[in-house]
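We use all heavy atoms of the structure for the numbers below, so side chains are in, but hydrogens, waters and symmetry mates are not. Residue numbers start from 1 in every chain, and the chains themselves are labelled A, B, ... in the order their sequence lines are given, proteins ahead of strands.
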2 protein chains.
Amino acid sequence: MESFDNQSLIKRIQAGDMRAVSRLISLSENRVPRARDVQSILFKQATPAHVIGVTGSPGAGKSTLVDRLAIEFHNRGERVAILAIDPSSPFSGGAVLGDRIRMNASAERKDIFIRSMATRGALGGLSAATQDAIQVLEAAGFTRIFLETVGVGQAEVDIVRTADTCLVVLVPGMGDSVQAIKAGILEIADLFVINKADRDGADLLHKDIRLMLSLTDQDPASWEIPILKTIATTGEGSTELSQSVAEHHQWLTTSTAGHERRRRIVLDRMRRIAAEELLHTFLERHADDLQTFSQACLNREITPYEAVIKLLQN
Amino acid sequence: MESFDNQSLIKRIQAGDMRAVSRLISLSENRVPRARDVQSILFKQATPAHVIGVTGSPGAGKSTLVDRLAIEFHNRGERVAILAIDPSSPFSGGAVLGDRIRMNASAERKDIFIRSMATRGALGGLSAATQDAIQVLEAAGFTRIFLETVGVGQAEVDIVRTADTCLVVLVPGMGDSVQAIKAGILEIADLFVINKADRDGADLLHKDIRLMLSLTDQDPASWEIPILKTIATTGEGSTELSQSVAEHHQWLTTSTAGHERRRRIVLDRMRRIAAEELLHTFLERHADDLQTFSQACLNREITPYEAVIKLLQN
C-alpha cells in the first residue's frame with residue numbers, strides 16, 4: 001500500500017483525494033496512533049457535513065432509497081458519501097453488500113464515496129470507526145453523508161441515531177403496523193418514509209403513523225415530522241424526499257433545538273471515548289488485583305460487583 | 001405484584017420458588033438497588049451452574065435443539081433453565097419467541113424455567129441482565145442453564161461466548177460452508193452440531209469442519225472439539241449431544257484450562273462493571289465541564305478525544 005506522511009495525507013484529503021480518504025479511514029479503524037493526530041488537525045479545519053441516518057424494517061428497500069437520494073444530491077453538485085453500517089453477523093458471510101454496490105446507480109458515479117463499515121469481531125469499535133470516517137469525509141469536503149443500516153439490529157440503530165437527520169423507512173403490508181414498531185424507533189424518526197407506496201396498505205400505514213404521531217407530545221416549536229411516500233425502484237417521490245431531508249438540515253442549523261441535538265451527539269461521543277479511556281487505565285493499574293479478585297469471585301467469597309467497587313476505592 | 005422483603009425473597013429463591021426467581025430477575029433488570037444486596041447474599045451460597053451457550057445460523061433449528069437438550073437433562077432429574085437472548089430488533093415486534101415457547105415440549109414441563117432476555121432500548125444492559133439472571137437461577141438450584149440466541153447478531157454472540165460451553169449449530173446446504181463462517185465463531189465453539197443432518201451436504205459440512213479444525217493450532221492437553229449430527233425435530237442424536245455437553249462440563253471443572261476459562265469469564269464481567277461505574281462517576285463529576293467542552297467541540301476548537309483527555313487529566 002502506498003505510504004503517506006501526515007502532511008501529505010492531510011493535504012490530499014483536504015483536496016478530496018478519495019484514495020487518501022480511504023487510507024485514513026482504514027488507519028483510524030485499525031487505531032494506528034498517528035491517525036488521531038491527523039484527525040485532530042483535519043477536524044479543526046473542516047466544515048460539518050449533514051449526516052443522514054437511514055434505518056427501517058428488513059426488505060424495506062433502504063439501500064435503493066439511499067441510492068436515489070445520493071443521486072438527487074449529487075445531481076445538485078453536492079459531494080455525497082454512503083457509509084453502510086454492517087455489524088455483520090458472524091454467520092452468513094458478507095456477500096450481500098458486495099452485490100448491492102454493484103447493482104446501484106450511485107456506484108457508477110466515481111465521486112460518490114461508498115464504504116461498508118463492518119465490525120471485525122467485537123461490536124464496540126463500530127460506532128467510533130463510523131464517527132472517525134465521518135470526520136475524514138467532512139475534511140475531504142463531503143456535504144451529505146448517509147449512514148445506512150444493512151441489518152436492523154439495535155446496534156445499528158444506536159449508531160444511526162447519532163445522525164443529524166434520521167429517516168425511518170417502512171413498507172405497507174409487512175407487519176409494519178404501528179403496533180409492531182417499537183417505541184425506540186419512533187423516537188429517533190425525523191422523517192418517515194413509506195417505501196413501495198404503490199402496494200396495498202400504504203394509506204392505512206400513513207394514517208397509522210399520523211395517528212401515532214398525534215398521540216405523542218410535540219413541542220410546537222420543534223420539527224414537524226413529515227411522512228413521505230416513495231417508490232425507490234422507479235424513483236417516484238425521491239425528489240420530494242430529498243427536499244424534505246434538506247429542510248430538516250436547514251431547521252437543524254438554524255434552530256435552538258437543532259443546536260441542542262448536535263450537542264447531544266457530541267456529548268454521546270465524549271461519553272464513549274471516556275468510558276474506553278477510563279477502562280484502559282483501570283485495567284493497566286489493577287492488572288494484578290484483577291487476577292486476585294477474579295479468583296475470590298470463583299471461590300464465591302465476593303461478587304464481581306463488590307470486587308470492582310473495592311478496586312475503585314483503592 | 002406481590003411484594004417480598006429481602007429475607008423472604010432469599011429464602012424463597014433458595015427453596016426454588018419460580019415466582020420469586022422471576023421477581024428477582026425483574027428487579028435486577030430494572031436495577032432496583034436492593035436487588036444487588038440480595039444477589040450478593042445469594043451468590044456466596046450458591047453452587048455454580050453449567051451455562052451452555054447455543055448459537056448458529058438463522059434457521060438452524062437452535063430453539064428445537066435447546067428444547068431437546070433441556071428435556072434430556074430434565075429427564076435425568078436435573079433442574080434446567082432456558083434464557084433466550086433476544087436483543088430484539090426495534091423492527092418486526094417480538095412474536096417469534098412467543099410462538100416458539102408455545103410450540104416446544106419443554107414449556108409443558110412446569111419446572112423448566114424459560115425466559116426471554118430482551119433489550120429494552122440500549123444494548124449495553126443485556127449482558128449484565130443475563131449474568132444477573134444466571135446468578136439468581138444458580139441460587140435457586142438450577143444446574144444447567146441454556147443461553148440461546150434468538151437472532152444471530154454480534155451482540156448475541158458476545159453474550160453467548162461468556163457461557164461455559166458453547167455450541168455452534170450449523171445446517172447443511174444453507175451457505176454454511178466453512179468459508180462463510182467467520183473466524184470469531186470458530187473460536188468460540190466447544191462443540192459443533194450439524195442439525196438437520198438428514199439433508200444433503202451433511203457429510204460434506206462435517207468434512208469441512210474437521211478439515212478446518214485440523215488447520216488450527218490445538219493444544220494436545222485441551223478439549224478436542226467434537227462434531228455431532230442431530231435431527232432436532234425427531235430427537236435423533238440429542239442424547240449423544242447431551243452426553244457430549246456433560247463431558248465438556250466435566251472437562252471444565254477438572255482441568256486447568258477449564259479453570260482459566262471460568263476466570264476469563266469473571267474478568268470479562270468485572271471489566272464491564274468497572275466501565276459502567278467509572279463512566280458514571282466521570283459524568284457526575286464533570287457534568288458542567290462536559291457542557292463547556294461539547295460547545296468547544298461544536299465550534300471545532302477541540303476534538304471530542306482531546307476534550308475527554310483534558311477532563312481526565314483534571
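- Contact of Q291(B) with chain A is made through backbone and side chain together, with heavy-atom distances under 4.5 Å.
- Contact of L312(B) with chain A is made through the side chain alone, with heavy-atom distances under 4.5 Å.
- Only the side chain of L311(B) has a heavy atom closer than 4.5 Å to any heavy atom of chain A.
- Within a 6.0 Å radius of NZ in K44(A), other residues, nucleotides and ligands contribute more than 12 heavy atoms.
- Between chain B and the options H259(A), R264(A), Q131(A), the largest number of non-hydrogen pairs under 4.5 Å is found for H259(A).
- Here D268(B) does not pair with R263(B) in a salt bridge; the nearest charged N to carboxylate O distance is not below 4.0 Å.
- Across Q39(A), R271(A), Q45(A), the residue that shares the most heavy-atom pairs under 4.5 angstrom with chain B is R271(A).
- If you measure heavy-atom distances from L290(A) to chain B, the contacts under 4.5 Å come from both the backbone and the side chain.
- When heavy atoms are compared at a cutoff of 4.5 Å, E260(B) does not approach chain A at all.
- Heavy-atom distances place the side chain of I309(A), and not its backbone, under 4.5 Å from chain B.
- Your options are E301(B), R36(B), E277(B), Q295(B), and the one with the most heavy-atom pairs under 4.5 Å with chain A is R36(B).
- If you take CG on L65(B) and CG on L167(B), they are separated by 7.0 Å, rounding to the nearest 0.5 Å.
- A salt bridge links E276(B) with R31(B): the closest approach of a Lys/Arg side-chain nitrogen to an acidic carboxylate oxygen falls below 4.0 angstrom.
- For the pair R269(A) and D132(A), the salt-bridge criterion is met [side-chain N within less than 4.0 Å of a carboxylate O].
- Of the charged side-chain nitrogens involved, at least one lies within less than 4.0 Å of a carboxylate oxygen, so that R262(A) and D164(A) count as a salt-bridged pair.
- A distance of 7.0 Å separates CG in L252(B) from CG in D190(B), rounded to the nearest 0.5 Å.
- Atom CZ in R272(B) sits 12.5 Å away from atom CG in L267(B) (nearest 0.5 Å).
- When F293(A), F43(A), F282(A) are compared by the number of non-hydrogen pairs under 4.5 Å with chain B, F43(A) comes out ahead.
- Remark: E138(A) engages R300(B) in a salt bridge, criterion side-chain N to carboxylate O under 4.0 Å.
- Chosen from V266(A), I273(A), L283(A), the residue pairing most often with chain B at heavy-atom distances under 4.5 Å is I273(A).
- Heavy atoms of E306(A) lying under 4.5 Å from chain B belong exclusively to its side chain.
- The candidate from A275(B), A274(B), S40(B), S294(B) with the greatest count of non-hydrogen atom pairs under 4.5 Å with chain A is S294(B).
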